[in-house]
Amino acid sequence: MRTQVAIIGAGPAGLLLGHILHRAGIGFEILEQRSSEHVLGRIRAGVLEQGSVDILRELGLDEDLDAHGLTHHGIYLQFEGERHHIDFPDLVDRTVTVYGQQALVRHLLRQHESLGSDIRFEAQDVTPHAIDTSSPYVTARYDGEEVRIDCDVVVGTDGYHGVCRPAIPGVRALERSYPYAWLGILADVTPSTDDLIYALHPDGFAMHSMRSLEVSRLYLQVDPDESIDDWSDARIWEALQTRLGTDGWTLHEGTITEKSITPMRSFVASTLQHGRLFLAGDAGHIVPPTGAKGLNSAIADVTLLGRGLAALYRGDESPLSDYSRAALARQWKVQQFSQWMTEMLHVHREVADEASRAFRYRSQVGQLQYTTGSRNAQAALAEQYAGLPF
Ligand code: RFL
Ligand code: PHB
């Protein structure tokens with residue numbers, strides 16, 4: 001078998017890259033190790049930057065987004081029992097859109113079905129080969145048969161645990177982990193807020209997001225070694241009520257339909273390309289979810305990579321050879337923003353002595369007071385949250 005671009009991984013990065021290549025008239029094939037049901041069942045991210053929305057519009061992939069996406073004009077930062085709004089249109093003339101990754105993946109897949117795209121789910125032992133040469137290929141087992149796909153370029157959109165990054169000789173990991181995790185729930189209840197609430201509370205971080213006008217998404221900071229079995233629904237609501245509570249506001253409770261704990265990590269690969277292999281999305285970098293940047297970074301990467309591949313097939317290799325440098329330059333700005341939001345909003349229980357812990361907490365309150373009190377600081381937050389240019 002032969003194609004122009006072999007894409008490994010059918011998450012949002014791989015599926016969107018397929019659409020970008022289709023638009024450019026470039027042939028592709030996507031190999032995904034999981035079933036389509038599994039891919040469609042993953043919940044994950046919820047916020048799209050304005051630039052991500054613009055890309056989906058340009059590609060004509062905005063029908064479902066327009067029907068179900070919720071335009072948001074900012075976020076709330078809450079601390080010391082008070083809530084402060086950061087107004088994005090006023091500060092930077094931009095908005096963000098709440099639109100679940102699950103809905104995006106469903107729409108991208110449906111559109112691929114109507115194009116008749118070549119996507120192979122449940123492909124086993126997917127392996128890139130000869131990436132140092134101009135004739136790379138990918139092998140896999142599919143429907144009990146060994147397949148070999150010859151191609152011009154291999155793209156690894158196979159997430160953090162994929163096979164493509166380790167295939168790059170000498171690739172290094174620049175990373176840090178955090179001494180906390182997020183317990184996330186989906187609940188059948190109308191959101192109790194118009195914009196997302198990010199709250200620092202002495203018991204830990206809490207957040208109120210949503211998926212629709214009927215479904216709320218909420219998160220709690222927990223210790224990374226905690227078990228979800230120790231968090232009954234009643235205990236979760238009680239913690240959310242305590243951490244998100246403010247005078248005169250009610251958090252409405254509803255049936256919890258999903259709950260899980262996610263560890264938090266910052267990670268960047270030292271390069272996103274080697275020969276004819278390119279990495280995009282979580283395969284190349286991970287952020288803690290506090291800044292809502294993971295999905296958006298995946299969209300930014302494949303946009304850049306798509307432009308590079310289109311130029312390659314017009315006979316100009318230079319944008320593609322600059323891909324890793326350009327994508328990582330943007331990614332490091334996103335990394336520092338995600339780290340900044342994360343450290344400002346979480347309780348640092350790992351700090352051993354009480355005086356240092358109290359100092360840390362009060363300085364975070366000072367940081368939040370400065371951020372909410374200064375128009376310049378608010379604008380810096382708004383500019384980064386609503387998204388840096390692609
Ligand atoms: P994905 O989504 O992990 O997809 C990778 C795909 O590759 C497949 N795969 C393989 N296929 C073939 N062979 C192999 N050897 C393979 N190994 C893996 C996998 O099965 C999978 O289908 O990566 P992608 O496409 O780069 O997309 C990245 C995003 O999923 C991720 O960054 C976001 O979900 C992160 N994230 C958030 N990002 C945001 O922008 N805004 C948010 O609000 C936000 N919230 C979140 C998040 C992630 C979370 N979790 C659970 C990690 C909230 C949470 C709780
Ligand atoms: C979500 O809705 O899942 C979500 C929103 C904002 C974040 C993280 C997650 O920062």
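When a ligand or atom number is given, it counts from 1 through the structure's own listing order. For reference, positions follow the sequence shown, starting with 1. All values reported here derive from a predicted model rather than from experimental measurement.
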*Would you kindly say whether His161 and Asp282 are connected by a side-chain donor-acceptor distance under 3.5 Å?*
no
*Kindly check if the number of other-residue, nucleotide or ligand heavy atoms within 6.0 Å of NE2 (His129) is above 12?*
yes
_Is it true that Arg217 and Tyr219 share a donor-acceptor pair across their side chains at a distance under 3.5 Å?_
yes
*asked:* Using a 4.0 Å cutoff against the non-hydrogen atoms of Gly281, which atoms of ligand 1 qualify?
replied: 26 (O)
*Can you list the atoms of ligand 1 that are under 4.0 Å from a heavy atom of Asn296?*
40 (O)
*Among protein heavy atoms, which lies nearest atom 32 (O) of ligand 1, and at what distance?*
Asp282 OD1, 2.7 Å
*asked:* Using the rule side-chain hydrogen bond (donor to acceptor under 3.5 Å, both in side chains), only one of Arg375, Gln378, His85 pairs with Asp90; which is it?
replied: Arg375
*Taking only heavy atoms of Val163, which atoms of ligand 1 are found under 4.0 Å from at least one of them?*
15 (N)
_Please list, in number order, the atoms of ligand 1 under 4.0 Å from a heavy atom of Gly162._
17 (N)
*Please report the C-alpha distance between Tyr198 and Tyr76 in whole Å, then the side-chain angles of each, then the deciding distance to 0.1 Å, and finally whether the ring-ring contact (aromatic ring centres under 6.0 Å, His included) criterion is met.*
CA-CA 6 Å; Tyr198 290 80; Tyr76 293 99; over 10 Å; no
*Do other residues, nucleotides or ligands put more than 12 heavy atoms under 6.0 Å from Asp247 CG?*
no
_How far is atom 19 (C) of ligand 1 from the closest protein heavy atom, and which atom is that?_
Glu32 OE2, 3.5 Å
*Which residue, Tyr180, Trp182, Tyr178, forms the ring-ring contact (aromatic ring centres under 6.0 Å, His included) with Phe205?*
Trp182
*asked:* I'd like to know if the side chain of Ser374 pairs up with that of Asn376 as donor and acceptor (distance under 3.5 Å, no hydrogens or angles considered).
replied: no
_Pro12 versus ligand 1: do any nitrogen or oxygen atoms come within less than 3.5 Å of each other?_
yes
*Between Arg2 and Asp150, does at least one N-O distance fall below 4.0 Å, as a salt bridge requires?*
no
*Is there side-chain contact between Val153 and Pro136, with at least one heavy-atom pair below 4.5 Å?*
no
*asked:* Quick check on Tyr219 - does any of its heavy atoms sit under 4.0 Å from an atom of ligand 1?
replied: yes
*For the residue pair Asp230 and Ser227, confirm or rule out a side-chain donor-acceptor distance under 3.5 Å.*
no
_Could you tell me, atom by atom, which parts of ligand 1 come under 4.0 Å of a heavy atom of Ile8?_
12 (C), 13 (N)
*Close N or O approach (Pro289, ligand 1; < 3.5 Å)*: no
*Can a donor-acceptor pair be found between the side chains of Gln339 and Glu343 at a distance below 3.5 Å?*
no
*Looking at ligand 1, does any of its N/O atoms fall within less than 3.5 Å of an N/O of Gly14?*
no
_Any donor-acceptor N or O pair under 3.5 Å, side chains His73, Asp87_ = no
*Looking only at protein heavy atoms, which one is nearest to atom 18 (C) of ligand 1, and how far off is it?*
Asp158 O, 3.0 Å
*Who's touching ligand 2 if we go heavy atoms under 4.0 Å?*
Arg44, Gly46, Val47, Trp182, Leu196, Tyr198, Met207, Ser209, Arg211, Arg217, Tyr219, Pro289, Thr290, Ala292
*Applying side-chain contact (heavy atoms from CB on, under 4.5 Å), name anything that partners Gln367, two or more places apart in sequence or on another chain.*
Trp340, Met344, Gln364
*Which ligand 1 atoms does Gln101 reach within 4.0 Å, using its non-hydrogen atoms?*
2 (O), 29 (C), 30 (O), 33 (C), 34 (O)
*Would you say Gln33 and ligand 1 have an N/O pair spaced under 3.5 Å apart?*
yes
_Partners meeting side-chain contact (heavy atoms from CB on, under 4.5 Å) with Glu29 (sequence neighbours left out)_ = Met1, Thr3, Asp118, Arg120, Ile149
*Plane angle bin for Phe79 and His84 - parallel if under 30°, tilted between 30 and 60°, otherwise perpendicular*: parallel
*Nearest to atom 48 (C) of ligand 1, what protein heavy atom do you find, and at what distance?*
Arg44 CB, 4.2 Å
*List the closest protein heavy-atom neighbour of atom 52 (C) of ligand 1: residue, atom name, distance to the nearest 0.1 Å.*
Thr262 CG2, 3.9 Å
*Looking only at heavy atoms, is any part of Val287 under 4.0 Å from ligand 1, and if so is it the side chain, the backbone, or both, or is it neither?*
neither
*Name the option, out of Pro166, Gly9, Gly46, that contains the heavy atom nearest to atom 43 (O) of ligand 1.*
Gly46
*asked:* Counting non-hydrogen protein atoms only, what is the nearest one to atom 25 (O) of ligand 1? Give residue, atom name and distance.
replied: Ala13 N, 2.9 Å
*To which protein heavy atom is atom 38 (N) of ligand 1 closest, and what is the distance rounded to 0.1 Å?*
Leu295 N, 2.9 Å
*asked:* Counting only heavy atoms, tell me which of Gly11, Pro128, Ala45 gets closest to atom 42 (C) of ligand 1.
replied: Ala45
*Using only heavy-atom distances, determine whether the side chains of Thr257 and Asp188 contain a donor-acceptor pair under 3.5 Å.*
no
*Nearest protein heavy atom to atom 21 (C) of ligand 1, by residue and atom, and its distance?*
Arg42 NH2, 3.2 Å
*Provide the number and element of each atom of ligand 1 under 4.0 Å from a heavy atom of Leu31.*
11 (N), 12 (C)
*asked:* With a 4.5 Å cut-off on side-chain heavy atoms, are Ile119 and Leu109 touching?
replied: yes
*Mind checking whether His161 has an N or O less than 3.5 Å away from an N or O of ligand 1?*
no
*asked:* My understanding is that only residues two or more places apart in sequence, or in another chain, count here; which of them pass salt bridge (Lys or Arg N to Asp or Glu O under 4.0 Å) with Arg265?
replied: none
*Any idea which part of Thr157 is under 4.0 Å from ligand 1, heavy-atom wise: side chain, backbone, both or neither?*
backbone
*Proximity to ligand 1 by part of Lys293, non-hydrogen separation under 4.0 Å*: backbone
*May I ask you to list the atoms of ligand 1 that are less than 4.0 angstrom from any heavy atom of Arg34?*
20 (O)
